[in-house]
Amino acid sequence: MAILRRSFVAALLLGCSFVRGDTTPKPVAARMRADLTFLASDACEGRGPGTAGIDKAADYIAAALRTAGLHGAMPDGSFFQPFIVRGSPSLEPGAEVSLTGPGDDVKRLALKDDFQIIGLSGSGTATAPVVFAGYGITCPEPSYDDYHGIDVSGKVVLLIRRAPRYGDKDHPFADDQTMQQHAALQTKIANAAKHKAAAVLLVNDASEKDDPLMEFGYASGAAGSIPAAQIKRTFADALLKSTVGKSLAEIEQAIAKDLTPAGAALRGCTATVSATVERKKIPVKNVVGVLDGVGPLADETVVIGAHYDHLGYGGTGSGSLAAGTKAIHHGADDNGSGTTTIIELARRFGGDKSRVGRRLVFIAFSGEEMGLLGSKHYVDHPLYPLDSTVAMVNLDMVGRLAPDPNTGKGKLEVGGTGSAKQFDALIDRLNGTAGFEVKKNKAGVGPSDHTSFYLKGVPVFFLFTGLHRQYHKPTDTVDLINFQGMEQIADLAETLVRHLSTDTPRPEYVKGQGSLFTGGRMSVPRLGFMPGNYDDDADGVLIGSVTKGGPADKGGVKDNDRIIAVAGEPIKNMTTYMLAMGKQKKNQPCEITVVRDGKQLKLTVTPE
Ligand SMILES: [Zn+2]
Ligand SMILES: [Zn+2]
């Protein structure tokens, strides 16, 4: 009842701003409905970074926080913490590859028929002599170096795709993984740049029937520093025959035979490679509002967060699970629900004028769907010191509270219970009154923004009502939201935040609670690997290292593979990976798609 009375007071204080001319304050669930209805409306365009709609949502949230009595967290009093995200690469018009010689004839190749720019290409134009550098591989142990004895500095390097004896057990590398690593396009282009090449021309190895050109978007990842294009083998063949007197196929066979690199300057040949690859800079912003601390704990901080961005209009690379659809992804549950709940919490705490305790920092994050980018930005540029940030509470998808079939109580997942010594007992105690069917998860990392804080040493809580069929589809709409449930969750979160902002001593951080992939008691079925990178800007999840004997290893997944689909669902980043894995069953085989050396492979794995 205390909670109800407090919110009643808060509503009374602020009531007129919610319903103009209406003297009775709206019940909590109704005002939450009003917020969520706006955030999930067509006007907000699915809150996709780069849309006008997401800015409308940001303005709405900032206004609601201000009305609730919060002030902006930026030094100038603004509620907006701006940062930049990168869109996926696009090839601008004007790409060119021209080959000259030997002799004077200039041959200008045709885009898509004769050449294609590689998605990993940098931007720029290079005109320089051509040096053939075999497979473009430099492997220290055992030693194999295509750059041995040749100088490619300032030159255009001509490279063969993959590796010598590719797919053959008797290859020149320590193991298959090392071979894959060296065969990867990214490694090759980076190695060429390391040898100061001005540009890369790549040709298929002989294993590719009909010599197809890769689509521009086929290989994606961090942009390279030099222009890189693939050309048809016939052009490379002509250059090689007229300079070193051998065909490309003959050279490949010779390298395969005795593993002697065959690098050579192609006398009299020059090439121009020109590409402009744009990765659009998209300005986005976190919305950050503050209630100052009062009393002896005033200099310490509790963060209450929820991402407000979503997938916009969907489409390839957005993280949408509605393949081929271009439509507003309303994101009512994901994460209009969490955003609405932190607004509600801001109203309650903002309306409590006798509050004593730590500073409360409310953050609506942007860029979450692109890989937790807003929370990453905040922890890298915190507005209040992280070492005195005692806890972070994250709400992501709290709009679908449903009864447990056995107990009839609302099922609520609570993550991070192992991230501080006190948290397990605390949530048990609070839930004693709240009465949820709580599914606890110790892990401090997971598929949402609390991960960024946990990895910086801040104890976290994560509230979540579970996945559903409308997840990441345009049909995640307001009519499917359980507002009474959201109110109950707001009540629990309020009590939780009240404890976190007043309890002494502060929560004691516990390290190593649930690496995503090896982690303690994650409820999500796992494949057994460490991610290679938390936040690169390519789609998919890069495998850093596969756990020996784990499900991924058994299924043939290799280090440096990039998982781009799980059971047919596209994987955009760690978040979508975790959510897709959450739908798989332990000990039941499922198909995943990985990209290895620019090629897609389907593998069957059995999660544990
Ligand atoms: Zn979300
Ligand atoms: Zn999402």
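The residues of the chain are indexed from 1 along the displayed sequence. When a ligand or atom number is given, it counts from 1 through the structure's own listing order.
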Metal-centred angle, the Zn ion (ligand 2) as apex - NE2 of H472, OE1 of E369, 10° resolution: 90°
Qualifying ring-ring contact (aromatic ring centres under 6.0 Å, His included) pairs, either residue in residues 385-440, two or more places apart: F423-F461
Residues D428 and K440 bridged, charged N to O under 4.0 Å: yes
Contacts of Q422 that satisfy side-chain contact (heavy atoms from CB on, under 4.5 Å) - sequence neighbours left out: A420, P507, E508
OD1 (D396) - the Zn ion (ligand 1) - NE2 (H307) angle, nearest 10°: 90°
The Zn ion (ligand 2) to nearest N/O/S of H310 below 2.8 Å: no
Check ion pair R348-E494 (N to O, under 4.0 angstrom): yes
Minimum-distance N/O/S atom that D334 presents toward the Zn ion (ligand 1): OD1
Aromatic plane relationship, Y471 with H468 - under 30° parallel, 30 to 60° tilted, over 60° perpendicular: perpendicular
Short N/O/S contact of E368 with the Zn ion (ligand 2) (below 2.8 Å): no
